[in-house]
There are 2 protein chains.
Amino acid sequence: MNDKAKSAESGSLRPPDGRPTLKTIAFMTGLGVTTVSRALKDAPDISADTKQRVQLVARQVGYRPNRAGVRLRTGKTNVISLLLNTDEQLMGFISDIIYGISQELAGTPYHIILTPYSGRNDPMDPVRYVVETQSADGIIISRTEPHDQRVKYMTERGFPFATHGRTNLGIDHPWHDFDNHAFARLAVGSLAARGRRRLALLAPEPSLSYHQHMTDGFAEAVAEAGLNEIPFKTAWVDQPIDDIRARVMDLLNRPNRPDGIVCGSGTSALAVVNAIESCGLTLGREIDVATKQSTKLVQMFRPQLFVVNEDFRLAGRELARALLGSIASRPVRDLQSLSVPDCVVGPEEEAQLFMAKPAELAPALRS
Amino acid sequence: MNDKAKSAESGSLRPPDGRPTLKTIAFMTGLGVTTVSRALKDAPDISADTKQRVQLVARQVGYRPNRAGVRLRTGKTNVISLLLNTDEQLMGFISDIIYGISQELAGTPYHIILTPYSGRNDPMDPVRYVVETQSADGIIISRTEPHDQRVKYMTERGFPFATHGRTNLGIDHPWHDFDNHAFARLAVGSLAARGRRRLALLAPEPSLSYHQHMTDGFAEAVAEAGLNEIPFKTAWVDQPIDDIRARVMDLLNRPNRPDGIVCGSGTSALAVVNAIESCGLTLGREIDVATKQSTKLVQMFRPQLFVVNEDFRLAGRELARALLGSIASRPVRDLQSLSVPDCVVGPEEEAQLFMAKPAELAPALRS
DNA sequence: AACAATATCTGTAACGTTGCAGGTGCTTGT
DNA sequence: ACAAGCACCTGCAACGTTACAGATATTGTT
């Protein structure tokens with residue numbers, strides 16, 4: 001009856017799965033498929049009346065664009081890929097990052113896809129895979145290195161990405177980072193306030209960007225306070241927990257053992273405390289420990305710990321925000337953020353909080 | 001020159017992104033697109049010689065099927081969706097599940113997509129979304145309930161899925177589960193062997209399937225050993241950690257307080273121990289705790305704990321295996337597995353291991 | 001009245017893939 | 001010599017979407 005009826009003849013109006021397509025709506029409204037498509041994306045050459053009608057019907061029948069159709073036609077996947085190193089136990093906090101990302105992605109058409117990789121293989125492999133097969137519109141990476149090849153690669157190709165951690169390549173790219181320099185200063189400050197004089201740092205792997213930040217902040221604060229640094233370069237925070245424990249026990253059996261330890265991660269703090277107690281020492285008496293924590297678990301473990309909170313959900317949100325901005329070609333400067341810790345939470349019997357000195361206070365989160 | 005040259009005329013031979021398609025290979029080999037497609041999937045009506053030639057060229061140019069093309073044509077997404085409850089702190093172990101899943105998926109064309117949801121909304125929402133929009137070929141769910149609506153829904157629609165945890169619906173579906181019944185029995189056994197007589201259980205939420213398994217195993221073992229159960233029904237393992245701590249402190253201040261506690265999760269054990277010590281009690285002296293752990297962290301925290309290991313990486317592998325099998329229409333019986341713990345690891349000064357009694361020993365993993 | 005501009009709508013083709021219904025040439029059986 | 005069968009290959013059409021280049025009707029201009 002309708003002049004659009006013929007377009008309904010070729011091909012089924014409603015696919016067997018019952019999902020409405022543009023054609024379904026076109027038939028229902030008596031319009032052309034193109035018109036429906038353009039009406040749904042609020043194009044300027046469609047009358048307000050038609051748009052409203054189409055959108056009403058679309059909502060009514062529960063229309064959802066077919067992702068494969070869009071992707072095939074436009075190349076847009078509406079997917080962002082989270083690269084995950086699946087090697088270490090260290091993966092613990094990724095659940096919080098995921099939570100943050102999905103918070104930020106709620107209400108957008110984006111899906112999160114996981115691209116796991118092992119550090120035993122070339123870290124470029126997963127990046128190349130996603131970029132070459134265009135299986136996502138953008139990538140979030142972590143374990144960023146100062147001269148990160150992945151950053152170079154994606155920048156050269158103009159592929160959107162955001163990094164958890166900064167680089168030192170002279171490339172201006174989207175990132176989010178926790179201020180580990182500030183963390184280390186705060187941690188040292190809290191131990192110094194307890195009267196500790198010989199401090200050791202359990203740092204992240206030297207290849208990672210934040211190794212430098214943390215060791216710099218540590219060295220600076222130790223020097224400023226006139227303390228001694230006990231070198232400890234045999235263990236890193238993301239090593240297996242038993243290894244850390246063993247290395248810390250070695251450290252504590254040295255003639256000049258530290259009376260304060262700064263831990264670059266909450267997980268490793270458990271190993272450190274265990275090592276301390278296995279050596280017959282008591283936390284808070286012969287030695288103190290300041291650490292990062294990403295859940296309240298660490299301090300629930302030993303209330304004597306000095307802790308600085310790192311919020312990985314925030315990191316997830318910021319990374320997603322940065323990546324979406326990058327995909328939308330927003331200026332890179334708006335897509336960089338630093339999360340600056342501003343206090344240490346200590347044992348209840350002690351001063352509850354060790355506040356940062358004014359000079360150390362956080363600049364605005366988004367610089 | 002070649003009679004296939006004309007097919008190269010319409011449409012670009014190599015898309016601007018440089019990715020080879022079937023058409024590219026068709027041109028290079030002088031064959032038709034259909035032939036190439038069929039040769040690559042080893043169809044019987046293509047000569048061995050041609051297949052080899054096509055496959056060689058395909059490998060050479062790094063051909064990868066365009067996922068959107070395949071998906072549009074066949075409806076197959078080559079994606080599996082992992083449903084994640086993003087509410088609780090409890091998400092901790094999901095990183096291990098992810099690891100296991102990705103291990104099992106390596107070498108397959110499957111991608112993992114995350115579908116987060118909040119328990120504050122209808123748990124059916126994410127399932128409906130995936131099924132209706134066909135954004136995945138299968139779903140993995142956890143926090144399974146005895147009368148899980150999601151299982152019913154997906155079964156009715158013939159949508160492939162696997163559950164972490166069993167149901168009680170009379171529906172035969174793919175699942176993997178940890179034997180929490182056996183866990184509870186082992187835990188009680190280890191505490192009984194220490195001479196503990198009044199035991200309390202920190203169980204999972206009553207709505208979840210494994211609540212029943214764990215409480216049943218607990219009650220059984222307590223009765224068999226002639227011990228007393230101290231009811232404790234105000235806290236569950238996936239509550240906020242501070243809440244658990246507070247409830248356990250209440251429990252310990254009751255006139256008839258327990259001298260042994262079984263914890264249904266490693267995380268909650270930290271809160272329990274903290275509560276114990278906050279009450280002025282000493283772990284291993286007035287009271288003992290047996291718990292599950294999924295990483296060595298828990299026991300590193302307090303070596304006095306009795307722990308049973310739950311391997312979430314194994315769970316991830318089994319779930320992925322079950323789901324792939326389900327997608328491939330393999331018989332459901334091969335897609336169900338139970339992981340049975342067989343020992344408790346205790347404090348070093350004590351008997352190192354509390355072995356299960358023969359009667360409790362694990363049946364084969366895959367029943 | 002003729003023409004141009006505007007507002008609104010539409011058909012065609014293409015993205016890459018695969019099911020289908022042939023097609024071609026060669027071998028076999030009678 | 002001819003049909004039937006076989007081995008192997010191929011066009012066509014369609015999956016759902018959107019860019020593009022019109023088409024049509026209405027209004028404004030001269």
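All chains are named by letter (A, B, ...) in the order of the sequence lines, taking the proteins before the strands, and each is independently numbered beginning at 1. Quantities reported herein were computed from a predicted structural model and do not represent experimental measurements.
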Enquirer: With A/T133, which residues qualify under side-chain hydrogen bond (donor to acceptor under 3.5 Å, both in side chains), at least two apart?
Expert: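 For A/T133 the side-chain hydrogen bond (donor to acceptor under 3.5 Å, both in side chains) partners, ignoring immediate neighbours, are A/S135.
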
Enquirer: Once you round it to whole Å, what is the distance between P of D/dC15 and CG of B/N66?
Expert: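 B/N66 atom CG is separated from D/dC15 atom P by 18 Å.
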
Enquirer: Identify whether NZ of Lys or CZ of Arg in A/R157 sits under 6.0 Å from the centre of the six-membered ring of A/Y153 and within 45° of that ring's axis.
Expert: yes

Enquirer: For residues 114-124 of chain A, run the donor-acceptor check on the side chains, cut-off 3.5 Å, and write out each pair with its distance to 0.1 Å, sequence neighbours left out.
Expert:
from   : atom 1 : to     : atom 2 : distance (Å)
A/T115 : OG1    : A/S81  : OG     : 2.7
A/S118 : OG     : A/D87  : OD1    : 3.0
A/S118 : OG     : A/R120 : N      : 3.0
A/D122 : OD1    : A/M124 : N      : 2.8
A/D122 : OD2    : A/R128 : NH2    : 3.3

Enquirer: Report the glycosidic orientation of C/dG22: syn if within 90° of 0, anti in every other case.
Expert: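 Chi for C/dG22 falls in the anti range.
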
Enquirer: Would you please name every residue forming a salt bridge (Lys or Arg N to Asp or Glu O under 4.0 Å) with A/D45, sequence neighbours left out?
Expert: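 A/R38.
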
Enquirer: Taking for each residue the nucleotide of DNA chain D bearing the nearest heavy atom, is the 5' side occupied by B/T74 or by B/T34?
Expert: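 Looking at the nearest nucleotide for each, B/T34 comes out on the 5' side.
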
Enquirer: Counting only heavy atoms and a strict 4.0 angstrom limit, can you tell me which residues of residues 38-46 of chain A come near DNA chain D?
Expert: A/K41

Enquirer: Could you please name the partner base of D/dG11, counting Watson-Crick and G-U wobble pairs only when both distances are under 3.5 Å?
Expert: none

Enquirer: Could you check whether any side-chain heavy atom of B/F312 comes within less than 4.5 Å of a side-chain heavy atom of B/I94, counting everything from C-beta outward?
Expert: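 When only atoms from C-beta onward are counted, B/I94 and B/F312 do not touch, as no gap falls below 4.5 Å.
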
Enquirer: Tell me the interatomic distance from B/F27, atom CZ, to C/dG16, atom P, rounded to whole angstroms.
Expert: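 Atom-to-atom, B/F27 to C/dG16, this comes out as 16 Å.
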
Enquirer: Could you state the atom-to-atom distance from CG of A/L22 to P of C/dG11 in whole Å?
Expert: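 Roughly 14 Å, once rounded to whole Å.
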
Enquirer: Could you check which residues of residues 47-58 of chain B get a heavy atom under 4.0 Å from DNA chain C? Sort them by number, please.
Expert: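 Contacts with DNA chain C under 4.0 Å: none.
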
Enquirer: Of all residues at least two apart in sequence or in a different chain, which pass the salt bridge (Lys or Arg N to Asp or Glu O under 4.0 Å) check with A/D49?
Expert: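 Partners of A/D49 by the salt bridge (Lys or Arg N to Asp or Glu O under 4.0 Å) criterion come out as none, since no residue qualifies.
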
Enquirer: Nearest to the side chain of A/L31, heavy atoms from C-beta on, is which of C/dC9, C/dG16, C/dT17?
Expert: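 Ranking C/dC9, C/dG16, C/dT17 by closest atom to the A/L31 side chain puts C/dC9 first.
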
Enquirer: For A/R53, which residues count as a salt bridge (Lys or Arg N to Asp or Glu O under 4.0 Å) partner, sequence neighbours excluded?
Expert: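 Here no residue qualifies.
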
Enquirer: Could you give the CZ-to-C1' distance, from B/R71 to D/dA14, as a whole number of Å?
Expert: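 Those two atoms, CZ and C1', are 18 Å apart.
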
Enquirer: Consider the side chain of B/Y63, meaning its heavy atoms from C-beta on, and name the nucleotide among C/dC15, C/dT17, D/dG16 that approaches it most closely.
Expert: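 Taking heavy atoms from C-beta onward, the closest nucleotide is C/dT17.
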
Enquirer: Nearest whole Å is fine: how far is C/dG19 C1' from B/L72 CG?
Expert: 14 Å

Enquirer: With sequence neighbours excluded, tell me which residues meet side-chain hydrogen bond (donor to acceptor under 3.5 Å, both in side chains) with B/S142.
Expert: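 Testing B/S142 for side-chain hydrogen bond (donor to acceptor under 3.5 Å, both in side chains), a comparison that skips the adjacent residues, returns none.
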
Enquirer: Give none if D/dC6 has no partner; otherwise give the nucleotide forming a Watson-Crick or G-U wobble pair with it, both distances under 3.5 Å.
Expert: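 Here D/dC6 is engaged in a pair, and the nucleotide opposite it is C/dG25.
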
Enquirer: With sequence neighbours left out, write down each residue that passes salt bridge (Lys or Arg N to Asp or Glu O under 4.0 Å) with A/R67, or none if nothing qualifies.
Expert: none

Enquirer: C/dT10 phosphate, OP1 or OP2: any side-chain N/O from A/T35 under 4.0 angstrom?
Expert: yes

